[in-house]
Every structure is written in structure tokens, then in C-alpha cells.
Number of protein chains: 2
Amino acid sequence: MLAAIDLMAEKGYNGVSTQEIANTAGLSEKTLFRRFGSKQNLLEKAFDRFHYAEEFTKLFNEKIVWDLQTDLLLISRTYHDIMNRNRKMIMISIKEEGNLPGFRERTQKHPRQLMDILINYFKAMYEKGKLIRTDPKVQALSFMMMNYGAFMNNLDSHDNFLNVSLDTFIIESVQTFTRALAP
Amino acid sequence: MLAAIDLMAEKGYNGVSTQEIANTAGLSEKTLFRRFGSKQNLLEKAFDRFHYAEEFTKLFNEKIVWDLQTDLLLISRTYHDIMNRNRKMIMISIKEEGNLPGFRERTQKHPRQLMDILINYFKAMYEKGKLIRTDPKVQALSFMMMNYGAFMNNLDSHDNFLNVSLDTFIIESVQTFTRALAP
DNA sequence: ATTGGTTGTCAGTACTGACTGTCATATTTA
DNA sequence: TAAATATGACAGTCAGTACTGACAACCAAT
């Protein structure tokens with residue numbers, strides 16, 4: 001399953017043969033079919049097995065300290081951590097959305113969940129008087145899109161874009177948002 | 001060529017047969033091969049033909065008015081305009097980077113060019129006293145990544161994410177950056 | 001009217017890829 | 001040790017796919 005994910009993330013579902021997967025995994029094509037039945041089922045099982053769980057909810061409700069900069073930093077770091085751990089799955093879901101429908105939704109479910117958390121966080125912060133009055137939905141969206149874009153950009157060219165490391169990007173961008181949203 | 005781009009953007013290079021392309025284009029598979037020689041060459045010719053030109057440079061050097069909000073708005077809108085006009089090409093270059101190397105670079109050349117423009121813009125604005133002191137490189141990166149993420153997110157699910165239209169996103173996010181970077 | 005060029009049809013080639021059956025051989029389990 | 005089970009090597013099926021060749025029909029220009 002790991003071999004399948006690796007190869008499919010790189011070359012796409014149609015770009016990899018079951019032969020290739022079996023060889024990479026160090027077993028015969030036959031046993032591969034004995035275990036999974038079909039190529040499609042292999043992908044689906046692999047996807048289910050390694051799909052990132054709902055790690056967001058737990059992590060936040062405990063660690064939030066209601067300081068904008070600290071919290072945004074935590075959220076941003078956690079986001080990149082989870083996304084990078086699952087970047088191959090995400091790559092597959094992007095590449096194969098036209099061929100194997102339904103995969104995209106499964107990878108977007110949890111980011112959407114994070115969005116809800118962020119929106120509620122912004123609302124609460126506003127009520128605490130620690131945020132200027134804006135549309136929390138759009139602000140959360142902006143923040144998430146910024147991190148999503150950065151994640152996407154680093155997906156392939158792992159040499160960081162302009163000699164800017166991911167962490168300096170996170171720190172600086174959080175600071176930007178903090179400066180913009182603090183009263 | 002348009003049919004090829006359409007189909008490949010949806011299903012990927014290996015997900016489309018020359019038959020299918022010919023049918024969609026309304027001609028026989030034979031003439032397709034007579035004109036292009038091979039499937040790969042078809043994609044390459046199509047890619048070259050419809051690849052977005054260097055629209056950035058011209059547009060800015062003329063329209064910049066050295067007001068942060070106005071200029072960022074222009075930049076953001078232009079960016080989304082160009083990216084959306086070329087979204088199929090971009091989709092292909094993402095999907096096929098593992099199979100047909102070199103395509104990704106061609107679609108990233110111009111965004112990189114825009115990055116340079118933005119960096120220089122921020123430097124100039126700082127010297128004019130209209131920007132706080134920050135690393136212009138990282139700020140430009142943040143701004144671009146935010147727009148890149150928003151573009152990517154709208155690629156497939158064209159129903160906008162949370163009932164937030166692209167334009168309200170642009171306006172609000174530009175305002176956020178303006179508030180953060182203005183002295 | 002003839003010629004030259006372009007196109008569609010159809011059959012066909014060479015190859016690949018997903019998937020199966022068979023049987024001998026390892027590996028685990030009782 | 002013996003039985004149950006998982007694995008591998010190999011050959012093979014069947015459909016799809018990139019691509020070619022032969023031939024006829026069409027369309028323009030001379």
C-alpha cells in the first residue's frame with residue numbers, strides 16, 4: 001500500500017502498472033491481486049488506511065491560550081505538519097479527481113473542519129475584544145488559503161521557493177495577520 | 001489542441017486516449033496523427049500554443065499608482081484573471097509533472113516573474129515611507145501564496161468555498177495586508 | 001477534366017496492462 | 001512431523017491503445 005501511494009502520488013493512477021507496484025513493494029504481482037482483488041481496490045484500501053484522522057479538533061481545544069499570535073502560530077504549524085505528513089494522499093486526490101471521483105472530498109473534509117474551528121476562534125476572540133471587527137469567515141479563509149498555497153507550492157519543488165524556509169514563512173505570515181487583526 | 005487540453009486537464013495525460021481526443025475534436029484519429037505525429041507532440045504543441053504570455057510586466061509598470069491598497073488590489077485581480085484563464089494548462093502541469101517533466105517549470109516561470117515584481121514594489125514602497133520595515137521577500141511570498149491557495153481551491157469546486165466569492169476574498173485579503181503593512 | 005492535397009474508413013500491428021489459472025515451493029500452524 | 005496456508009514463477013487471456021498502411025472520397029486550383 002505504501003508503494004502504491006508513493007508511485008501513484010508521483011505518476012498518477014494510470015501512470016503506474018500493478019507490476020511496478022508489486023516490484024517496488026517486493027512481492028509478486030500475483031499476491032498483490034490475491035490480497036486486493038483489483039488495482040482500484042488497492043488504492044482505496046491504501047487511501048483509507050493512511051488517511052489522516054481528525055487530528056485537528058483534539059489538538060486545539062486543549063492548547064489554545066487566547067493570544068492571537070501564539071494561537072495562529074500553533075494552528076499554522078499544526079496545519080503544515082498534518083498536510084505534509086499526508087502530502088502524497090493529497091497529491092493523489094488532486095491528480096485523480098477526474099478519474100476516481102470522491103477522493104477529493106475525503107482529503108478536503110478535514111481542512112474544512114479546521115476552517116470551522118478557525119472561524120469560531122475568530123468569533124470568540126472578537127467577543128473577548130482581542131480582534132478588530134471583520135468577517136471571521138473571510139479572515140479564516142484568507143489565513144487558510146495562505147497556508148494552503150504555501151503547502152501546495154512546496155509539494156513538488158522541495159527546495160524552498162526563494163530561500164525562504166517554511167518556518168520563517170509561518171512566523172512572518174502569522175505576524176502579518178496578527179498586526180492586521182489586533183485592535 | 002483545445003480538446004486535448006480539456007480532456008487532459010480533466011483526466012490526465014494517461015487517462016485520455018487519442019481516440020477520445022479525436023472524437024471530441026470532431027476529426028478522425030488518423031488526421032490527428034498526420035498533423036501531430038504523436039500524442040506527446042500533440043500535448044507539447046497545444047501547451048506551447050496556449051501558454052500564457054508574459055502579461056504581468058507590461059500591465060504593472062503602467063498602472064501602479066503607489067497606493068498600497070489600490071496596487072495590491074490590481075495585482076491580486078490580475079493574478080487571478082491570468083491564472084483562471086490558464087487553469088487547464090496549470091492543471092495539466094500539476095498532474096503530469098511526474099510523467100512529462102519540464103511542464104511544471106513552464107507554468108511557474110511567470111508567477112515567479114510576478115514575485116520579483118512584487119518584491120521590488122514592496123522595496124520601493126518602503127523607501128517611499130509607505131510601508132513598515134519587513135522582509136519584502138517574505139511579505140511578497142505570503143501575499144502570493146494566499147492568492148495561489150485561493151486559486152487552487154477554486155480550481156475544482158467552482159462553487160465558492162463558503163459562500164465567499166472570489167472578489168470579496170480579494171478585497172478583504174488585500175485590506176488585511178494593507179492594514180498589516182501600512183506604517 | 002485533371003491533378004494534388006487533405007480527409008475519413010477500415011483493417012491491422014505491436015505492445016502494454018489488468019487480471020486469472022496452475023503448480024511447485026516456501027512458511028506458518030497444529 | 002503433518003497439514004493448512006501463503007507465496008512465487010510462469011504462461012496466458014482479453015481488452016485497450018498508440019500508431020501505420022491502403023484505399024477511396026472529397027475539394028480546391030489550374
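Just so you know, these numbers use all the heavy atoms, side chains as well, and skip hydrogens, waters and symmetry mates. Labels below follow one simple rule: chain letters A, B, ... track the order of the sequence lines, proteins then strands, and each chain is numbered from 1.
The CG atom of B/Leu118 sits 5.5 Å away from the CG atom of B/Leu114 when rounded to the nearest 0.5 Å.
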Below 3.5 Å, can you tabulate the donor-acceptor pairs from side chains in residues 119-132 of chain A to any protein atom, sequence neighbours excluded?
from, atom 1, to, atom 2, distance (Å)
A/Asn120, ND2, A/Asp116, O, 3.3
A/Tyr121, OH, A/Asp71, OD2, 2.6
A/Lys130, NZ, A/Trp66, O, 2.7

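Computed from coordinates, the B/Leu7 CG to D/dA18 P distance equals 12 Å when rounded to whole Å. B/Asn99 places its CG atom 15 Å from the C1' atom of C/dT16, with the value rounded to the nearest Å.
Contacts with DNA chain C (heavy atom under 4.0 Å) in residues 19-42 of chain B: B/Leu27, B/Ser28, B/Lys30, B/Thr31, B/Arg34, B/Arg35, listed by number.
The existence of a salt bridge linking B/Glu96 and A/Lys95 is excluded, since no basic side-chain nitrogen approaches an acidic carboxylate oxygen closer than 4.0 Å. Between A/Lys11 and A/Glu20 there is a salt bridge, since a side-chain N of the basic residue sits under 4.0 Å from a carboxylate O of the acidic one. A salt bridge links B/Asp81 with B/Arg85: the distance from a Lys NZ or Arg NE/NH1/NH2 to an Asp or Glu carboxylate oxygen falls below 4.0 Å.
Contact between the side-chain N/O atoms of A/Thr18 and the OP1/OP2 oxygens of C/dG17 is not found at any separation under 4.0 Å.
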